[in-house]
Structures are given as C-alpha cells and as structure tokens.
Amino acid sequence: MSERRKPYPFDRIEPKWQAVWESERTFHTPNPGEAGFDAAKPKYYVLDMFPYPSGAGLHVGHPEGYTATDIVARYRRMCGYHVLHPMGWDAFGLPAEQYAIKTGQHPAITTARNVAHFKAQLKRIGFAYDWEREVNTTDPGYFKWTQWIFLQLYHSWFNPETQRAEMIATYRGSDPDSVRLAYVAEAPVNWCPELGTVLANEEVIDGKSEVGGHPVERRPMRQWMLRITAFAQRLIDELDGLDWPDGIKLLQKNWIGRSEGAEVHFGIAHPEPVPEERIAANAMSGILHRVRAEEKITVFTTRPDTLFGATYMVLAPEHRLVEAITTEEQWPEVRAYRERTARKSDLERTELAKEKTGVFTGAFAINPVNRERIPIWIADYVLLGYGTGAIMAVPAHDERDFEFAKKFDLPIRQVVQAPQGQESIGFCGDGIAINSPLLDGLQTFEAKAKMSAWLEENGFGKKTINFKLRDWLFSRQRYWGEPFPVVWESGKHRTLDESELPLTPPELADFKPTGTGEPPLAKAKDWLRYSDAATRETNTMPQWAGSCWYYLRYCDPGNAARFVGEESERYWLGADSESKGGVDLYVGGTEHAVLHLLYARFWHKVLFDLRFVSKPEPFQRLVNQGIILGEDGQKMSKSRGNVVNPDDVIAEYGADAFRCYEMFMGPLEQMKPWSMTGVEGVSRFLARVWRLVMSENQAGEWVLSGAVQDAQPDRAQLKVLHATIKKVSADIETLSFNTAISQMMIFVNAFTNAAVKPLSAMRTLLLLLNPFAPHLTEELWETLRAHFPGAKESIAHESWPSFDESYLVEDEIEVPVQVNGKLRDKVTVNKDASVAEIEAVALSAQKIIDHLAGKNVKKVVVVPGKLVNIVAT
RNA sequence: GCCGAUGUGGCGAAAUGGCAGACGCAACGGACUUAAAAUCCGUUUUCACGAAAGUGGAGUGCCGGUUCGAGUCCGGCCAUCGGCACCA
C-alpha cells in the first residue's frame with residue numbers, strides 16, 4: 001500500500017513543536033522563590049495517576065486520563081494560574097522482578113528501559129508536563145523519603161484521646177511497641193506460594209492473587225503492619241468534604257465497613273477440667289487454666305435487642321478459647337474440624353460457603369440476660385478476624401444462624417415481631433421486641449439502646465463500633481522494593497537513623513523467592529550484617545508505599561533536605577482564594593478506589609497530624625476515567641487481538657487527532673469502545689481547521705490562505721464564535737470534552753464556506769482548540785503571526801478568550817407552540833415580547849387555529865424564550 | 001444475596017423538567033474529476049398517506065405516578081456492566 005497522503009502535515013509539525021516546548025521550557029512550572037514565580041497567581045494542581053512502566057508500553061487507556069488532565073492544565077495556565085502538572089513512574093513492582101527471575105537481567109535495567117520507552121511515547125502525544133519534576137519511586141533520592149516516612153510511622157502512635165497521630169514520646173504506657181503505627185505482628189497472612197510472598201487483603205481477589213491469579217492460602221507469619229484501623233473513623237468522616245464521585249466514597253465506606261452494636265460477655269458454664277496432657281502440649285496453657293475460673297467469651301453483635309433470642313453460640317475454629325472449653329468427648333471431632341478448616345484456602349472456604357458446617361464443643365455458655373445455658377459450637381462461617389471471632393446466634397432473626405440451626409436442629413426463638421404481612425421467623429429487619437422481658441413492645445432502635453445500657457450497667461458488655469478494615473500488611477518477600485530502614489538485635493527491632501538513608505537494596509544475582517517465606521534479601525550476606533550484633537530486616541515494602549506520597553514529591557522533587565519543602569508544600573497543597581487545598585484535580589481508573597486512594601489518605605493524615613502537610617486530605621477532586629474497549633466491544637487483551645497501540649494511531653493520524661478522538665469518544669467517566677473510523681472523523685475535523693487558515697499553492701506547498709483577512713466577523717459569525725467560547729470554557733470546567741469538541745466542529749462548519757475568514761475569529765478558535773490539539777494550533781498561530789503582527793510567540797502564553805453574552809441573543813426568537821404537549825407550530829416573536837404578546841401570536845397562528853378547532857382553550861402556559869403550551873379539550 | 005452505575009437511531013453519542021436524536025461515524029445521492037482518492041453540498045428514528053412540498057401517528061428498557069409538559073422527577077419491575085460477598 002502506498003503512503004496515504006496526509007490531510008495536513010502533522011508528521012512535520014508535531015515533532016517540531018515538541019522540540020520547541022522542550023528547549024524553551026514552555027511548560028516549566030516555577031516554585032515559590034524561583035524565577036518566573038508570581039505569588040499573586042492562584043495555583044492549580046492537576047494530577048494523573050502515575051503509571052507502572054510495564055514492558056508492554058503505553059496502551060490507549062493511559063492517555064485517556066492524561067489527555068483530560070492535559071487539557072485542563074493548558075486551559076488553567078491560559079486562565080492565569082500557576083499549574084502543577086507532573087508525571088513520574090511507579091517503578092517498583094512484581095513484573096520487573098519476575099522478568100528478572102526469568103532472564104537474569106537486573107530489574108533496574110529493565111525498569112530504566114521501560115521508563116525511557118514510556119516517556120518517549122508520552123512525549124509523542126505532546127503532553128504539557130513539567131518534565132523537570134519527573135519522579136521515579138525506585139530512585140534512591142526518592143525512596144530515601146519513602147523510608148523516612150516509614151520512620152515517622154514507626155515513631156508515632158494514635159492517641160485515642162486526641163484522635164490524632166502523635167510522636168511516640170507522648171505515649172505514657174509501658175509498651176510502646178504495642179501502639180506504634182508501624183509494628184510487627186505474628187498474624188495469619190495471605191501467603192501466595194507461586195509468587196513466594198504475602199499479599200495485602202486488598203491484593204487478594206476471590207482467593208487468588210490480583211497479580212497473576214495464583215492461589216493464596218492463610219498461614220501465620222511475622223510481618224510488618226501499619227495501623228490504618230486507628231484512622232478508620234476519620235477515613236470515613238473526612239470523605240465528606242471531598243469532591244469525589246459518590247460511588248467511590250461509598251466503595252471506601254463499605255470497605256472500611258463501620259457497624260454499630262455491642263460487645264456482650266457470656267460466662268462459661270461449669271467447664272470440665274481441661275485434661276493435663278492438653279495443657280502440657282499447649283503453648284497457651286495459661287489461658288486453659290484461667291478458663292476454669294473467670295474467663296468469659298465476648299461476642300460482637302449489631303442486634304443487642306435480640307439477645308433473648310440467642311439459642312447457641314459459635315466461635316471461629318481458630319478462636320483462642322476453643323481448646324480450653326472443648327469437652328473430652330467432643331475433642332477428637334473438634335480437632336479434626338479445625339485441621340480441615342486450616343487446610344482450606346480462602347478460595348475453598350468461599351466456594352464451600354453454600355453449605356454450613358460446624359461441630360459442637362460440648363461446652364455451654366451462660367446468656368447474661370436470662371442465665372440460660374446455650375451450647376457453644378465452632379463453625380467456619382464465623383471469622384476470627386472480624387469482631388471478637390465469636391457470635392451469639394439468633395437463628396430467628398439472622399439468615400446464616402437460621403440456616404445453621406436448621407441443619408443442626410438447634411432451637412429457634414422468635415424475639416422480634418415483623419411488621420404486618422411479613423413472616424417473623426427469619427425476619428432480619430426492624431420490628432417490635434417480643435419474648436424479651438426487658439424489651440417487650442419496644443421498637444428495634446429503642447430496644448438496642450436499652451439493652452446496651454443494661455449490659456453496661458450490669459458489667460456484661462457495652463456499646464461498641466466495629467470495622468471490617470484490617471491493619472495494612474506492609475511487608476513483602478520481594479527483591480524489587482524499598483528495604484525497611486530497620487535492624488534486628490537479640491530479637492528486638494530498631495530503626496536506622498535518618499542520616500543512614502537511603503538504604504539501597506543489595507546487588508543480587510539471584511532474585512528467586514526462597515520458597516520458605518524468607519525474603520531474597522536474606523541471600524545478600526554482606527548487606528545483611530549491620531553490626532556484630534545486629535542484622536538488617538530483609539522484607540521490602542509493597543508497591544503501594546511509593547505511590548502513597550508521590551504527589552507530595554512533585555511539589556519539590558529535587559529537595560535533598562526534606563521530603564518536600566515547607567513553602568512549596570504550602571503553596572501547592574494549601575488552600576488559597578480559589579482552591580480548597582490539596583490536589584485540585586486527580587484523574588485515574590476506578591481500580592484504585594480502595595487500594596491506593598485509601599492508603600494515600602492514611603499516610604497523608606499521619607503526615608498532617610505530625611504537621612508535615614497543610615491539609616488532612618490529599619486529593620480534593622477525583623474523577624475516574626472509564627475504560628476503553630476494543631473495536632469489538634470487548635475488553636482489550638492480547639489474546640483477543642483487539643489491542644490498539646497509540647503509536648500506530650499517531651503514526652497514521654497524528655497526536656492531535658489521537659488526543660481529540662480520545663476526548664470525543666464520549667463522556668470521560670464512561671466505558672466506551674474504540675473506533676478507527678471515529679479517529680478518522682476527528683482527523684478530518686482537524687484538517688478542516690487547517691484548511692480554514694491554509695491553502696495549497698501551485699507547487700503543492702501549504703501557505704496562508706488568502707481568505708484570512710483582518711476583517712470584522714458578521715453578526716452570525718460573532719454569534720457562533722461567542723457561543724463556542726462560552727461552551728468550550730464551561731465544558732472544560734465540567735470535563736465534558738466531547739461536547740466541547742462538538743461545538744468547535746459547529747464553529748468550523750459555519751466558517752468553512754465563508755469567503756473571508758476573519759483573523760480575530762480564527763485566532764480565537766485556535767486558542768479554544770489549543771488545549772485539545774496543541775501542535776496544530778501552535779503551527780497555525782505561528783503562521784498567522786508571521787503575516788499579522790501582535791501575538792505572542794507561543795500560543796501557550798496567550799490568555800484564554802472571554803465571551804460577550806450580548807452576541808448570543810437574537811432580536812427575533814423562534815418559539816415552539818404546543819397543543820396539549822404536542823408540537824404544532826413555531827412562531828417568531830421579538831426577544832422582549834411579553835407573555836401576553838407571545839400568547840396572542842401563538843393563538844393567532846393558522847396551524848394552531850386549525851388544531852384548536854372544536855376545542856375549548858383551558859389554559860395557556862407561556863415560558864418566555866422557551867415555548868408555549870396550549871391546553872385544550 | 002447486598003451495594004452502585006448504565007439502558008436514547010445501523011453505531012459513538014447530545015439534550016438547566018420545555019422543539020428528542022446536536023456533533024461525529026457508517027450508508028446513500030449529488031458537485032468537482034478522463035477516472036479514482038481527497039474535498040465540498042445534500043439525505044438519513046420509524047410507520048402510514050402522498051408524485052412531491054407535506055400531513056398525521058408512534059418513539060428514549062418495561063409498567064404505573066406527579067406535572068400544562070417527563071429521556072430527565074417519584075414508585076415498582078427487567079436487562080447489562082462493575083464492586084463486595086458468611087463482616088454477626
């Protein structure tokens with residue numbers, strides 16, 4: 001196939017302007033104090049979720065959000081803001097390491113190569129990033145401060161009285177290690193044998209690893225944890241002031257999972273003496289002895305009002321009291337059940353959820369409200385990790401308990417009267433308490449309150465709030481991540497001094513997981529040894545660590561003395577007359593709704609409490625772009641062969657067409673399929689813009705069109721011009737880029753056949769189009785400047801145009817006239833016509849008279865400037 | 001199962017409660033051309049009647065409601081997509 005003739009020379013002008021922007025530092029953003037900084041200007045911080053630079057390169061999904069933010073950034077800059085619009089690399093992570101294992105090539109090498117590739121691809125699209133602010137999470141100058149933030153977490157705690165993070169020095173208790181925000185715990189973790197690492201709850205999907213889809217099992221291991229649960233309430237409450245999609249706020253709230261209820265202590269009825277051999281064999285023998293005396297079992301319930309309906313109790317199989325309470329007779333069965341559940345992966349546990357299983361322990365608990373003996377069972381439908389790991393079962397009013405009770409033939413006692421018309425057994429909603437001496441006749445909400453109060457007065461429990469959110473499992477058994485700035489000495493951990501940072505990972509030839517759960521860093525014997533007595537921590541941080549604070553580093557990326565300079569932080573992330581503070585616009589995919597966005601908010605709050613940052617929330621306005629599907633309407637994937645490569649599109653249609661098509665496809669937030677003919681349509685539009693200003697001479701060269709003249713636009717042209725300024729400006733503010741482009745198409749259609757193309761109108765169009773198609777508009781701007789003096793050297797330095805409402809109104813307006821809601825005619829009236837005048841004109845129109853024949857006019861609704869509706873019967 | 005989003009021409013879509021389908025794609029017709037491409041102009045929700053200009057009916061997933069007026073608001077369903085999933 002021969003080379004298709006280009007509709008306009010984008011292949012020449014795009015590289016040209018990209019080179020100019022780079023050499024002129026056109027999009028460099030000065031920091032406070034720097035040359036070119038004007039303190040009077042308001043700030044605008046517009047941020048993209050930085051990419052993981054994978055080997056596959058950029059796909060068309062990346063530039064969707066990036067183009068949206070680029071348009072906003074260029075627009076705001078022209079509106080007179082200092083705009084912070086940076087880009088960087090989330091470059092630690094599993095794929096680079098797995099590639100290293102396969103090829104033996106160091107992850108640093110492949111990462112550098114991938115970053116270079118990504119960067120070249122992004123530059124080809126013409127984004128107005130300030131590349132002098134580029135950050136890379138694998139850069140020692142960067143992860144030094146990731147490690148430094150870890151030190152702040154380690155050296156602080158959450159003071160429940162102030163509800164804030166404070167330095168550990170303010171803690172008055174005896175065991176600071178038990179309250180640090182970064183702590184070590186022996187905890188059941190998500191262990192993935194295939195990846196050779198543990199994973200956060202958030203990284204496990206349906207019992208499989210998010211990366212690679214390998215099976216994950218639970219096993220107890222010693223791990224670093226971050227105490228995010230301390231911030232659970234604030235992470236919910238402080239969502240309120242944020243301009244985020246409601247759906248995302250809800251997703252976070254549900255993930256944090258707050259529920260109000262009560263803790264209730266149940267006594268244990270006459271426990272049998274625990275056999276001596278079980279005590280001897282058990283590490284927790286202390287507990288076994290205590291049980292006989294005063295140990296209680298505490299349950300959490302959201303329905304304390306149903307306490308009289310509790311007919312049995314269930315412990316999680318792993319509950320610490322199981323060994324202590326189980327009778328000799330039931331012990332073999334209980335032990336077998338525990339072993340079976342322990343072997344089950346999370347996946348199996350969910351798959352088998354259809355059928356409830358469980359075993360009776362032989363023991364009984366005493367219900368504090370009525371001194372009733374109820375049997376204690378264990379069952380894997382009760383989870384150790386939530387609440388207290390034990391429940392009181394109220395089968396009459398809880399679906400799961402009901403199912404379990406039916407299967408094992410346990411008693412069911414109704415204690416809530418359902419509203420009329422509903423079956424009370426199995427009813428789980430709010431009703432009236434019955435069969436409950438203390439509570440009879442009360443509404444559910446009253447009964448809950450009364451029971452909670454009663455429990456507290458009598459020492460049987462208290463009102464409690466529970467969260468689904470777990471502490472953040474923060475260590476990984478990986479090579480390609482930030483090492484912990486921690487050493488171990490005689491079984492105790494302590495941190496490195498700030499002066500010892502950054503702690504870089506050791507050189508290793510073999511990155512393979514050990515398979516035992518011991519991290520690969522343990523293989524670096526020299527590195528491992530810190531002193532004669534102390535060895536280094538060998539875990540590394542998860543990939544989320546670097547992305548938790550990168551938006552802070554952009555504000556002051558070269559600062560060697562501080563993670564971000566105070567003045568820079570205050571300017572870019574503080575509030576001013578126009579900004580509520582924080583990142584003013586953050587665009588990225590929904591896949592980060594609960595992971596990155598929750599972690600980053602958590603870190604930010606800690607830094608805020610410790611007075612390192614100005615505002616408690618990092619991202620003021622969040623927008624999620626929708627995913628782009630292949631031309632077949634399916635998710636893009638290599639195996640389907642429907643992947644669109646940005647490089648190919650740019651080679652054929654140019655970067656401006658690529659950018660504009662991505663924005664013209666449909667609403668930013670929506671999922672939408674790619675269409676190559678759609679790209680062609682947008683490319684045609686840009687070519688029409690080009691030909692408004694340029695024409696081809698005899699020699700086949702593009703020269704300024706003779707139709708462009710310094711002439712006054714006519715009335716109709718002024719109307720469409722000002723309508724376009726108005727619509728494009730408003731649409732950029734609301735990120736409705738598709739309709740902004742439609743309006744510019746209308747403009748171009750209106751001018752295409754004009755004999756004279758007025759210079760002022762052409763210039764205004766170029767300004768409006770510049771954020772969308774920066775190369776084309778720069779080139780045309782330059783051509784116009786060469787013939788007509790009086791413009792700035794780069795269109796990027798020009799100001800955004802403003803519109804004049806008076807051009808938008810016509811003297812005569814056309815008003816539709818409806819009869820009984822159906823359009824029957826249109827009449828033309830003066831724009832200032834009164835309601836009575838409009839009504840008179842409408843009623844005298846011939847078609848309307850015809851339609852009203854034989855009817856009585858009941859009412860005439862006149863909406864001035866809009867329409868007339870005549871109601872007639 | 002629970003929570004959320006979405007449902008409009010052949011397709012992507014547009015419409016502060018006020019003319020449904022702007023803008024673009026595709027298709028068809030025309031102009032230019034020896035011809036094609038490119039470009040420019042026009043038609044294009046659907047049904048009925050009409051040679052035509054046109055006239056009339058239906059129409060925004062389904063059923064109902066509020067309103068002079070509903071794609072838009074309210075109630076109830078259905079479908080698709082996404083998230084959570086024994087959270088007591």
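Naming: A, B, ... by sequence-line order, numbering from 1 per chain. Reckoned from all heavy atoms, side chains included, excluding hydrogens, waters and symmetry mates.
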Need one value for A/M671: base, sugar-phosphate or nothing, where a base atom within 4.0 Å counts as base even if backbone is also close, heavy atoms only.
sugar-phosphate

Ignoring backbone atoms, test whether A/N753 places a side-chain nitrogen or oxygen under 4.0 Å from the OP1 or OP2 oxygen of B/rC41.
yes

Is B/rG9 syn or is it anti, if syn means the base angle is within 90 degrees of 0?
syn

Under 4.0 Å: is that the gap between some side-chain N or O of A/N624 and OP1 or OP2 of B/rA5?
no

If a stem is a run of at least 3 consecutive Watson-Crick or G-U pairs, both distances under 3.5 Å, which stems include RNA chain B?
B:1-7 with B:78-84, B:10-12 with B:23-25, B:27-31 with B:39-43, B:45-49 with B:54-58, B:61-65 with B:73-77

Any donor-acceptor N or O pair under 3.5 Å, side chains A/Y661, A/D656
no

Write out a two-atom table: protein N or O, nucleotide N or O from nucleotides 33-37 of chain B, distance below 3.5 Å.
none

Would you say B/rA58 has OP1 or OP2 under 4.0 Å from some side-chain N or O of A/K822?
yes

Taking atom types as they are modelled, is there a donor-acceptor pair under 3.5 Å from the base of B/rC86 to the side chain of A/K356?
yes

Give a yes/no answer on whether the side chain of A/Q670 brings an N or O atom under 4.0 Å of OP1 or OP2 in B/rA13.
yes

For B/rG24, does OP1 or OP2 lie under 4.0 Å from any side-chain N or O of A/R688?
no

Can you find an N or O donor on one side and an acceptor on the other, under 3.5 Å apart, linking the side chain of A/K826 with the base of B/rC19?
yes

Under 4.0 Å from any atom of RNA chain B, heavy atoms only: list the residues of residues 723-741 of chain A that qualify, in numerical order.
A/N738, A/T739

Backbone N or O of A/D243 within a donor-acceptor pair of the A/K249 side chain at under 3.5 Å?
no

Kindly say whether A/F772 contributes a backbone atom to a donor-acceptor pair with the side chain of A/R659 at under 3.5 angstrom?
yes

Does B/rA88 have its OP1 or OP2 closer than 4.0 Å to a side-chain nitrogen or oxygen of A/K468?
no

